[in-house]
Amino acid sequence: MQLQTSLVRVLVVDDVELWRTLVHMCLDKEPNLQVIGVAADGRDAVRKAEELRPDLILLDISLPKVERSQRRSTNSQGCP
């Protein structure tokens, strides 16, 4: 019997371009992960999360252009 694994769709969000690139490269090596988007700031992250509906958001907690309460609200309302 073979187990079927589902693909986890990931949105990578960080304001440091080098870090986003490194994380993207590392995640690309994992067969069950697919990076579906990247964002550099909070506004772009919210827009892409609503548009792309990722399974997982890898988010820099000190991200500029979005308040902490806004992050929690967006995550709980539109994206599980």
Determine the minimum heavy-atom distance between [X] and [Y], stating which atoms define it.
X	Y	answer
Gly37	Leu52	CA-CD1, 4.1 Å
Leu27	Val10	CD1-CG1, 4.0 Å
Ala45	Val13	CB-CG1, 3.5 Å
Gln34	Leu7	OE1-CD2, 3.3 Å
Ala49	Pro54	O-CD, 3.5 Å

Task: Residues forming a side chain to side chain donor-acceptor pair (under 3.5 Å) with Asp28, sequence neighbours excluded - done: His24

Open item on the list: For the CG atom of Leu58 and the CG atom of Leu11, what is their distance to the nearest 0.5 Å?
Closed with: 9.0 Å

Task: Nearest-0.5 Å distance, CG of residue Asp60 to CG of residue Asp41 - done: 11.5 Å

TODO: Evaluate the side-chain proximity of Val23 to Asp14: yes if any heavy-atom separation is below 4.5 Å, no if none is.
DONE: no

- [ ] Check whether Leu33 and Ile57 end up in the same hydrophobic cluster, where Ile, Leu, Val, Met, Phe, Trp and Tyr are linked by side-chain heavy atoms less than 4.5 Å apart.
- [x] no

- [ ] Tell me whether Ile36 is reachable from Val8 by hopping between hydrophobic residues (I, L, V, M, F, W, Y) whose side-chain heavy atoms are closer than 4.5 Å.
- [x] no

Task: Donor-acceptor pair, side chain of Arg9 and main chain of Arg53, under 3.5 angstrom - done: yes

Open item on the list: For Arg47, give me all partners under salt bridge (charged side-chain N to carboxylate O under 4.0 Å, His left out), at least two apart in sequence or on another chain.
Closed with: Asp44, Glu51

